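Here the structure is laid out as structure tokens; the discussion comes afterwards.
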Amino acid sequence: MSELRAPRGTKDLLPPESQIWASIEGMLREIYKIYNYKEIRTPIFEDTALFIRGVGDTTDIVEKEMYTFNDKGGRSITLRPEGTASVVRSYIEHKLYGASQPLKFFYIGPMFRYERPQAGRYRQHHQTGIEVLGGDSPLIDAEVISLGLEILKNFKLTNWRLHLNSVGFPECRPAYTEKLITYLSDKSGLCEDCQKRYRRNPLRTLDCKSATCKEIIKDAPLLTNSLCIECHDHFQKLQEYLKIYGISYELDPFLVRGLDYYTRTAFEIKTKSSGSQNQIFGGGRYNGLAEQLGGPKSPGIGFGLGLERLFLALQEENSLEIPLAPLDVFVVTIGGDEVVAKGWEILYKLREANISADMDLLLRAPKGQMKAAGRNQAKYTVIIGEDELRANKLLLRDMDSGEEYTLDNNEIVKFVEELERGQEQ
RNA sequence: GUGAGUGUGGCGCAAUUGGUUAGCGCACCAGAUUGUGAUUCUGGGGGUCGUGGGUUCAAGUCCCAUCACUCACCCCA
């Protein structure tokens, strides 16, 4: 084995798997079109400062998971660990807040995090996501969530749960944080991590997985009870809108997301699949982010959906349809240079007529060419030998039935087209 | 960053308590079928057993290190 391999935590995408990915992306684009979301493509790397300021410097992503390096100009560059910060940066940079609001974007692309790989977790993974900027209406929150669920529905994924919470605003959250700190201050037995969180980012103690912390947190005051009237109202309306779409959800007062920019709505979708990385997508509202990045105050909300995890969940539910990529025609030549040249010419004509076609480029013996036709799942082979060449004829073989037809040279394109049409009906 | 497991031809596996030319299936190539595939039969190519060191008369098999993969913790998509 060569010592040169794909870097740890990355993966080559080979056929036929790559075809499945292409079809997944195609389906996503269709859904986005129906919901009137437009694609945004931002750079895969950004100034490191963007993520430190955007994602938050006490988050795990920034503290230990970023791919950061200096470029030759001495700039600190980071491969994007998530999608939102870049989109908001772009929104500010191009002064899109001046356009008709809200703006509805989607993206599909790779993200990078330096972590130990495991099932459903890679150093380069792929996300699709949406961001809606320039609006604070709970109707937007409802659309974002319903669009996410629409994706799962389209892929016929059924085994999941929506967790929903509101984490309030920088205006009403401090009051709650106070209460939480007071509550926790006389509790002992918090895990090591939570001791730190307690000081730096108390909310994060809420979703700690350690059993003892869970036990302590269970009776903690609830954030949802401390929301200001506006946040409370926003949260209620969102739930009403979700109900109209028949979306069922689970209120999860301990759901706080690991990124600092969230305000009000926060949500996660967890699949019930076996692996431990079962959070397939998550997101929330980030009304303070644009301002934090130096732009005007502009509300926004979005989600990120992990494509590798979607893929895993689909595999577990067995609802992955492998798109067949059969070839219409494979050209087989039996003879010398002249026959090969003729086959080469026929191949061109077929392709010009948008018929998918190939031939054996290794100039193998006829038997080898037929084998190659079989491997390529060719529906038909066009066989040309010395006899056909002399008579200006071709032999068309149906690879399923074994039937063969003798055709005039110039009949072939029309004949294949008719056969194709016949099959579709 | 922490812990556990695994590492043999392209893929999936095997090799008795360390014992002599490391096997099998699939795949690949060729022939049977000198103008034709997916079946069948026959034959063939391909492995310094992840890498480096050590123990031993002898190591795929034991020990150490290292790398990679897998799974889990942490966290996230």
Side-chain angles (χ1 to χ4, degrees), chain A residues 1-11 14 55 58-66 80-84 107-129 148 191-194 196-197 204 207-210 213 256-259 268-271 274-283 302-313 327 330-336 339 360 362 364-389 395-404:
Chain A
M1 194 186 297
S2 163
E3 49 203 60
L4 250 34
R5 314 178 186 189
R8 175 149 218 221
T10 69
K11 227 174 133 183
L14 308 172
V55 177
T58 64
T59 59
D60 278 18
I61 289 183
V62 169
E63 277 186 341
K64 49 183 205 189
E65 294 173 1
M66 294 210 298
R80 64 179 184 196
E82 59 102 50
T84 303
Y107 59 84
I108 303 175
M111 305 293 167
F112 305 85
R113 291 185 199 171
Y114 190 85
E115 303 180 87
R116 276 287 259 280
Q118 70 186 73
R121 198 174 75 182
Y122 307 91
R123 290 188 171 177
Q124 174 178 336
H125 72 279
H126 297 80
Q127 281 185 35
T128 184
C191 72
E192 232 175 276
D193 288 329
C194 282
K196 277 188 232 154
R197 291 178 182 135
R204 300 287 304 286
D207 68 348
C208 183
K209 281 171 193 159
S210 117
C213 291
V256 291
R257 312 240 329 127
L259 286 66
E268 285 179 358
I269 276 70
K270 289 186 177 164
T271 62
S274 51
S276 76
Q277 305 303 325
N278 57 1
Q279 185 191 318
I280 190 161
F281 78 88
F303 68 70
L305 186 154
L307 293 181
E308 281 82 359
R309 290 186 186 174
L310 175 66
F311 195 89
L312 278 178
L327 192 65
F330 200 91
V331 177
V332 171
T333 60
I334 306 171
V339 177
D360 179 37
L362 294 180
R364 264 181 288 226
K367 181 179 166 171
Q369 297 183 42
M370 289 304 289
K371 268 190 156 177
R375 259 196 300 268
N376 281 287
Q377 301 171 304
K379 286 184 256 183
Y380 306 100
T381 45
V382 164
I383 300 168
I384 310 163
E386 305 284 359
D387 298 348
E388 285 78 10
L389 187 70
L395 202 59
L396 183 79
R397 179 183 171 91
D398 183 318
M399 293 298 272
D400 285 330
S401 67
E403 278 178 275
E404 294 188 348

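All of these numbers come straight from a predicted model, not from anything done at the bench. Each chain gets a letter, A, B and so on, in the order the sequences are listed, and its residues count up from 1.
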Interatomic distance, [X] [atom1] vs [N] [atom2] [rounded to whole Å]:
X: A:M66; N: B:rG1; atom1: CE; atom2: P; answer: 17 Å
X: A:D207; N: B:rC74; atom1: CG; atom2: P; answer: 10 Å
X: A:I334; N: B:rU33; atom1: CD1; atom2: P; answer: 17 Å
X: A:E386; N: B:rU34; atom1: CD; atom2: P; answer: 16 Å
X: A:K367; N: B:rA32; atom1: NZ; atom2: P; answer: 8 Å
X: A:R121; N: B:rU2; atom1: CZ; atom2: C1'; answer: 12 Å
X: A:L395; N: B:rG37; atom1: CG; atom2: P; answer: 13 Å
X: A:R397; N: B:rG37; atom1: CZ; atom2: P; answer: 7 Å

>> Using the rule given for side-chain contact (heavy atoms from CB on, under 4.5 Å), can you reason through A:D360 versus A:F330, listing the C-alpha separation, both sets of side-chain angles and the distance that settles it, and then say yes or no?
In response: CA-CA 8 Å; A:D360 179 37; A:F330 200 91; 4.2 Å; yes
Quick check for you: among [options], whose closest atom lies nearest to any side-chain atom of [X]?
X: A:A119; options: B:rA32, B:rA77, B:rC71; answer: B:rC71
X: A:R8; options: B:rA68, B:rG37, B:rA72; answer: B:rA68
X: A:K371; options: B:rU36, B:rC29, B:rA77; answer: B:rC29

> Would you say B:rC71 has OP1 or OP2 under 4.0 Å from some side-chain N or O of A:Q118?
Replying inline: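 Answer is no, no contact under 4.0 Å.
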> So, is A:R257 near the phosphate of B:rA77, with a side-chain N or O under 4.0 Å from OP1 or OP2?
Replying inline: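 Yes, A:R257 has a side-chain N/O under 4.0 Å of OP1/OP2 on B:rA77.
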So what does [X] hit on the nucleic acid, given a heavy-atom distance under 4.0 Å: a base, only sugar-phosphate, or nothing?
X: A:E388; answer: base
X: A:I280; answer: sugar-phosphate
X: A:Y122; answer: base
X: A:G335; answer: nothing
X: A:G83; answer: nothing

With distance as the sole criterion, do the side chain of [X] and the base of [N] form a donor-acceptor contact below 3.5 Å?
X: A:R364; N: B:rC29; answer: no
X: A:R116; N: B:rG1; answer: no
X: A:E115; N: B:rA77; answer: yes
X: A:Q369; N: B:rU36; answer: no

Exercise: identify the closest heavy-atom pair between [X] and [Y]:
X: A:E115; Y: A:R123; value: O-NE, 2.7 Å
X: A:G9; Y: A:P117; value: CA-CG, 3.8 Å
X: A:M66; Y: A:V62; value: CG-CA, 4.0 Å

Tell me if a side-chain donor or acceptor on [X] pairs with a main-chain N or O of [Y] at a distance below 3.5 Å.
X: A:R309; Y: A:Q279; value: yes
X: A:R80; Y: A:P110; value: yes
X: A:T381; Y: A:V331; value: no
X: A:Q369; Y: A:T333; value: yes

Contacts under 3.5 Å, N or O only, protein and nucleotides 25-27 of chain B:
none

> If you write RNA chain B from 5' to 3' in dot-bracket form, with Watson-Crick or G-U pairs under 3.5 Å, [ ] for crossing pairs and | for pairs with another strand, what do you get?
Replying inline: (((((((..((((.....[...)))).(((((.......))))).....(((((..]....))))))))))))....
Distance between [atom1] atoms of [N] and [M] (Å, rounded):
N: B:rG43; M: B:rU48; atom1: P; answer: 25 Å
N: B:rA14; M: B:rA22; atom1: C1'; answer: 10 Å
N: B:rG60; M: B:rG7; atom1: C1'; answer: 11 Å
N: B:rU17; M: B:rC63; atom1: P; answer: 15 Å
N: B:rC24; M: B:rG9; atom1: C1'; answer: 12 Å
N: B:rU40; M: B:rC26; atom1: P; answer: 9 Å
N: B:rA32; M: B:rU39; atom1: C1'; answer: 14 Å
N: B:rC28; M: B:rU16; atom1: P; answer: 31 Å

> Has A:H126 got its ring stacked on B:rA77, by the test of a centre gap below 5.5 Å and a plane angle below 30°?
Replying inline: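 Per 5.5 Å and 30° rule: no stacking.
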> Between A:A373 and A:G304, who's closer to the 5' end of RNA chain B by nearest nucleotide?
Replying inline: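 This one resolves to A:A373.
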